[in-house]
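In what follows, a structure is listed as C-alpha cells, so that the remarks can point back to it.
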Amino acid sequence: MKIFNTLNGRMEEFVSLKEGEVGLYTCGPTVYDYAHIGNFRAYVFEDFVRRTFEYLGYRVVQVMNLTDVDDKTIRRSQQEGVTLREYTDRYIQAFFEDIALLGIEPAEHYPRATDHIPEMVAIIEDLLAKGIAYRKGDGIYFDLAKFPKYGALAKLDKAQLKSGARVDVDEYDKENVQDFALWKEAKEGEPFWETSLGKGRPGWHIECSAMSMKYLGPTFDLHMGGVDNIFPHHENEIAQSEAHTGKPFVRYWLHVHHLIVDGTKMSKSLGNFHTLRGLIEKGFRPEVIRFLLLSTHYRKTLNFSFDALAQMEKSWQRIVNFQTELEGTLFGEKETPGLEDWLQESRSKFRAALEDDLNISQALNTLFEFIKEGNLRLSRGEIGASAANLISETLKGFDSVFNLLPRGGQGELTEEQKGLVEERNRFRREKNFPEADRVRKLLLDQGILIEDTRNGVRWKRA
RNA sequence: GGCGGCAUCGCCAAGUGGUAAGGCAAAGGUCUGCAAAACCUUCACCGUCGGUUCAAAUCCGACUGCCGCCUCCA
C-alpha cells in the first residue's frame, strides 16, 4: 500500500505499527450546525480509506472526535437560550443520521471533547511543568520557541509566520503571536470547567491530542482530515503531543482536498451551499451523492454540480442494474469459459488500484470493465447459476469498498407479487399482451419494475 | 504581499517521458410484442506560448484562469 504522506510530501509504503491493525484518527465535525457536502467529502473519503484497509485484511480502530465546545457552539447555544450540551446533542444526532444515510461505517470511538476535559488538563499540566506552556493573561499558551520542529508538516518557516491579516493581535495576550491557546480562562456568561488549572475551557487543538492518544496510544498510524487543517490545527497537534510524550505522534498524515461547487468556492452568500438534507429534499439518492463525493481522487479538488450529480445517478444505475440482473434472474446451469481467470484478474487489478495511493478512479475503471465483461457474457448467454453467484460475490467484494449498492439487496417479492409475475408470464406466453401489460402496470404501482431479458424476467424496485 | 495546488472529449474523471482508461451524454446499428436493460460501432493530439528530448498531456520557463493556506473552516 502506497500513500502520499503530507509529513514529508512523498509517496510512502504504508507499514502499520501493529501487524494487521491500523490505528486511524479522523478529524470530526464541530457540531454547531448541519454539516455540508464539503465536510462529507472528507468523511466519505475517510470511510473509503477505512473500507480499503478492511478489504486488504486489516483490522481498523478508528477514532473520530466530536468538537462540542468552541466559540460557535457557545455563541449559538446562548442565542437559543439552551445549554451547550442540549445544543450540541441535537447536531451530533443529525451528524449520525447523515453519515448513516451516506453509508459510512461507524468508527470504533466518537469521543466528545467535553467528556475528555481531565485528559486535556493532564497534558496541559505536564506542558506547564516542562516549561513548554505558560500562563498569561486570560489563558495558557504553547510556547513555539520550545518546539523547533514546528512548521514541518505545513512546510512553513516559523520565522516567516507573521501576524496575518485575519488576526487582530491586540485581542490576544500572549508573548508571541504565533503561540496558540491550550486553555482559555472562563469568561463571563460562558460555560466553564472547574479544574486544577482553574475555571475555563480547552483550546481547540488540545482535544485531538488528548483523545487520539487516549484511544490509539502516543504514536499511531494514520491521521486524516481536510487540507485546511494542516495549518494550524494539525501542526499544533503535533507540537502539543510530541512535547508531551517525547515520542513521534503520527506516522502517516493524509489530507483530503476541498470540494468546490460549479467551479467556485462553496459559500452561503453565493447560494451554492449544500447540505446532505438539502440534496435529499431535491430528490437525489444518498448513494448517488456518496458516489459523486467519492468519484475524484482525494488529492484533487472535487467539482460538485447538479449536472454531475445527475450523471452519477445514471452511472450508478449501471452498477445496480448489473447486480440486479445477477441476483434477480433465474439462470440454468451452464459452463462459463475462463470464469476463474477473469474474476482473479479483476480482483488483482482492483487491489492494485487501491494500493496505489487509493486511486479510486482506477478502481472504478476496474469495476466498470468488470461490469462490461459481465454484461457481454450475459448477452452471450454464457452465464449459469453458479457463475452468476460467483460474479455477484466478486462484485459485492468490490462494493464493500465503495458501498454503493443498496444495502441488503433489494429484498424479496411478496407471494402475491410473485403470483402476479407468474400471471404476466402466462399472458405473455399466450401472446395476450394487453393483459400482460395490465399486470405489469399493477406491479409497477406497487413499486416493482418488471423487465424481460434474454435470460428471463427480472424485477427491481422502481 | 508570501507559499502551495489544479487546468485532459459537451459533462465527470484516470494517465506523470514512448505516442490518450473508465462513466455519463450524443450518433448509428443489434436484440425485443412493447418498455427497459444489454451488446456492437463512432466520438480528444491533453489551457496558451516558448524550451529540453530521438520522443512530452507527462520535464523546464512564462502567461492566463480557478482553488487553497498564511491562527481556530473538511
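Proteins come first, then strands; the chains are lettered A, B, ... in the order of their sequence lines, and each starts at number 1.
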So, does the side chain of A/Asn365 form a donor-acceptor pair with the base of B/A21 at under 3.5 Å? yes
Contact class for A/Asp228 vs. all strands (heavy atom < 4.0 Å): base, sugar-phosphate, or nothing? base
Between B/A56 and B/G18, how many Å separate the two C1' atoms, rounded to a whole number? 9 Å
With heavy atoms under 4.0 Å as the rule, sort A/Glu369 into base, sugar-phosphate or nothing. sugar-phosphate
For A/His274, which of A/Phe284, A/Tyr34, A/Phe40, A/Phe306 qualifies under ring-ring contact (aromatic ring centres under 6.0 Å, His included)? A/Phe306
Aromatic ring pairing A/Phe45/A/Tyr298, orientation class (parallel under 30°, perpendicular over 60°, tilted between): parallel
Base-pairing assignment for B/A38 (Watson-Crick or G-U wobble, both under 3.5 Å): B/U30
If you assign A/Cys27 and A/Ile260 each to the RNA chain B nucleotide with the nearest heavy atom, which residue ends up on the more 5' nucleotide? A/Ile260
Are A/His258 and B/A74 stacked, counting the six-membered base ring, centres under 5.5 Å, planes under 30°? yes
Spacing of the C1' atoms in B/C39 and B/C54 (rounded, Å): 43 Å
Please state how far atom CG in A/Asp452 lies from atom C1' in B/A38, giving the value in whole angstrom units. 13 Å
Student check: side-chain heavy atoms of A/Phe398 and A/Phe370 closer than 4.5 Å: yes
For A/Phe291 and for A/Thr296, locate the closest nucleotide of RNA chain B by heavy-atom distance; then report the residue assigned to the nucleotide nearer the 5' terminus. A/Thr296
Mind checking the C1' distance from B/U41 to B/A7? Whole angstroms is fine. 32 Å
Answer yes or no as to whether B/G33 has its base stacked against A/Phe433, where stacking requires a ring-centre separation under 5.5 angstrom and planes under 30 degrees apart. yes
